[in-house]
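Please read these numbers as outputs of a predicted model, since none were measured by experiment. Remember, it's 1-based here, ligands and their atoms both numbered in the order they're listed.
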Amino acid sequence: MIQVQNLSKSFQNIQAVNDISFTINKGEIFGFLGPNGAGKSTTLHMMSTIIKSDEGSIYIDGIATNDHPSACKQLIGVVPQEISLYEELSAYQNLMFWGNLYGIQKDVLKERIHTTLELIGLLDRKKDLIKTYSGGMKRRINIAAALLHQPKVLFMDEPTVGIDPQSRNHIFEVIETLNEQGMTIVYTTHYMEEVERLCDRIAIIDSGKIIAQGTQTELKELVPTKESIQLEYSLLSENNLQELQKLLPYSINADKNKICIEGSVQELSNVITVSNELQLSIKDIQLNKVNLEAIFLHLTGKQLRD
Ligand SMILES: Nc1ncnc2c1ncn2[C@@H]1O[C@H](COP(=O)(O)OP(=O)(O)OP(=O)(O)O)[C@@H](O)[C@H]1O
């Protein structure tokens, strides 16, 4: 659906995006994960024809953005980081305004506003002025505005910044519904949990470079440390440990009343069942997961969130 090759962009002496290439498949949710200033918005702005690249090419559904920006604009919906709504107008009036900009015929637009407001769960608030909306509700209307011309691809630039967890979940559900309906979604964030929840494939971006890309499983393979489960028992005798070693098909590291097993959450129920069979009372369980934060730390030596 989207092919990007050797894309670069500088602002004065800042190299915001430095020779990045990637492909986004039709129907996938593709995430850009990176800290502040990594180059996520600049990449999205180039893909959505808001700014021009210095070098490189972008094709959306086979159309080059630099040669045919207007044709590309019809294919894409853009949810900007900032709320782009008129506070003194109602949600309905705002959506009418955005729909008119796309030249959508009035009757069709009315119908689409209805369906879109229904999708984002704000149909009953359509007559209320935007200034009476919560931050999360404004963000949902911001998304609705990008959907009216029925784009094939939706670009979302950190759409959950500054909102409460309930609104965030609501936005995730909208994204999942749109994706189930076949929409390709490109999502930028510096929240690891969001890409873990939503994205089929991820590009990790830092200082204008893509430092890794792939599915979550592929990215996890880049880290030498393995996932592990640590259990602490009230009491673990030498005898108990030998029995555990007999019954569990993993190598076990033991220290006082604690054991550590290399494995992921899938192994946990087996470990608990065997512990119960041996009547060992579990005091604490800790899962040491390899997450995207750990991958970022491994690749850059820095925390994702500073
Ligand atoms: N219009 C501009 N003029 C000058 N520098 C810019 C401009 N836009 C972006 N930059 C710089 O380019 C770099 C990348 O910025 P960008 O906004 O793409 O990062 P980001 O990953 O989206 O960060 P954030 O999560 O904070 O939005 C930063 O150093 C930023 O200061």
Open item on the list: Side chains of T273 and N276 only: does a donor on one sit below 3.5 Å from an acceptor on the other?
Closed with: no
Task: Donor on one side chain, acceptor on other, E28 and T184, under 3.5 Å - done: no
Task: F32 ring center near F22 ring center (under 6.0 Å) - done: yes
Open item on the list: Tell me if the centroids of the rings in F30 and Y187 come within less than 6.0 Å of each other.
Closed with: no
Among all protein heavy atoms, pick the one closest to [atom] and tell me residue, atom and distance.
| atom | result |
| --- | --- |
| atom 12 (O) of ligand 1 | A16 CB, 3.3 Å |
| atom 17 (O) of ligand 1 | S41 CB, 3.6 Å |
| atom 19 (O) of ligand 1 | G39 N, 3.1 Å |
| atom 16 (P) of ligand 1 | T42 OG1, 3.6 Å |
| atom 26 (O) of ligand 1 | N36 ND2, 3.0 Å |
| atom 27 (O) of ligand 1 | Q81 NE2, 3.2 Å |

Task: Contact atoms of ligand 1, heavy-atom distance to P35 under 4.0 Å - done: 21 (O)
Open item on the list: Taking 4.0 angstrom as the limit and counting only heavy atoms of E158, give me the atoms of ligand 1 inside it, by number and element.
Closed with: 24 (P), 25 (O), 27 (O)
Determine all donor-acceptor pairs shorter than 3.5 Å in which one atom belongs to a side chain in residues 12-20; sequence neighbours excluded.
from: Q15; atom 1: NE2; to: V17; atom 2: O; distance (Å): 2.9
from: D19; atom 1: OD1; to: N6; atom 2: ND2; distance (Å): 3.0

Open item on the list: Under the criterion side-chain hydrogen bond (donor to acceptor under 3.5 Å, both in side chains), I'd like the reasoning laid out for Y191 against T160: C-alpha separation, chi angles, the key distance, then a yes or no.
Closed with: CA-CA 10 Å; Y191 295 120; T160 60; over 6 Å; no
- [ ] Could you tell me whether D255 and K258 make a salt bridge, using a distance below 4.0 angstrom between a side-chain N and a carboxylate O?
- [x] no
- [ ] Measure I14 to ligand 1 on non-hydrogen atoms and call it side chain, backbone, both or neither using the 4.0 Å cut-off.
- [x] side chain
Consider every N or O of [X] and every N or O of ligand 1, then say whether any pair is closer than 3.5 Å.
| X | answer |
| --- | --- |
| G37 | yes |
| F11 | no |
| Q12 | no |
| H190 | no |

- [ ] Would you give the length of the straight line joining atom CD of E173 to atom CD of E180, rounded to the nearest 0.5 angstrom?
- [x] 10.5 Å
- [ ] Can you measure from NZ (K126) to CG (N94) and round to the nearest 0.5 angstrom?
- [x] 14.0 Å
- [ ] Give a yes/no on ligand 1: does G34 have at least one heavy atom closer than 4.0 angstrom to it?
- [x] no
TODO: Could you please spell out the steps behind the salt bridge (charged side-chain N to carboxylate O under 4.0 Å, His left out) verdict for E55 and K9?
DONE: CA-CA 7 Å; E55 279 170 65; K9 178 76 185 174; over 6 Å; no
Task: atom 6 (C) of ligand 1 touched by protein heavy atom at under 4.0 Å - done: yes
